[in-house]
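Note sheet for the following structure.
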Amino acid sequence: YFWRLLPKMKSHILDVRWIFTPFNQIKVRMALEQLNEGEVVEIFSEGGKQFNEVCDEILKLKGKIEQIDKVTNNTGYPYDYKIRVLKTQI
């Protein structure tokens with residue numbers, strides 16, 4: 001059974017939409033610090049400046065951005081992002 005050979009990965013969700021700087025970066029930092037190596041967090045962020053700040057914080061903490069998806073929403077903004085991040089060894 002090949003599924004037994006795959007590593008078990010826990011996935012977590014963090015929503016930092018409508019959270020202003022620097023609090024969005026602080027929440028991202030806290031989430032990544034609490035994860036174990038190999039765990040995944042999916043971070044939801046607004047587009048624009050906030051998205052850039054969140055990605056900068058992830059890279060600063062040596063998180064590996066595995067995937068970025070545009071997510072439609074009902075907030076009046078054209079899109080949000082879902083950022084899938086793998087916690088790597090710091």
Completion exercise
Residue set satisfying side chain to side chain donor-acceptor pair (under 3.5 Å) with E57, at least two apart, ordered chain then number -> R29, K60

Problem - Partner residues of D15 under the side chain to side chain donor-acceptor pair (under 3.5 Å) criterion, sequence neighbours left out - result: R17

Can you tell me how far the [atom1] atom of [X] sits from the [atom2] atom of [Y], to the nearest 0.5 Å?
X	Y	atom1	atom2	answer
N24	W18	CG	CH2	13.0 Å
T21	N52	OG1	CG	10.5 Å
L86	I65	CG	CD1	11.5 Å
E46	I19	CD	CD1	9.0 Å
D80	D69	CG	CG	12.5 Å
C55	Q50	SG	CD	10.5 Å

For [X] and [Y], which heavy atoms make the closest approach, and how far apart are they?
X	Y	value
K64	T88	CB-CG2, 3.9 Å
V54	S45	CG2-OG, 3.9 Å
L35	K87	O-NZ, 3.0 Å
V85	G63	CG1-CA, 4.1 Å
L14	K27	CD2-O, 3.7 Å

Problem - Under-4.0 Å salt bridge between R84 and E42 - result: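 Yes, charged N to carboxylate O under 4.0 Å.
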
Practice task
Please check if L59 and M30 belong to a single hydrophobic cluster, counting links between Ile, Leu, Val, Met, Phe, Trp and Tyr side chain heavy atoms closer than 4.5 Å.
Solution key: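 Yes, same cluster.
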
Problem - I58 reachable from F23 in the ILVMFWY side-chain graph, under 4.5 Å edges - result: yes

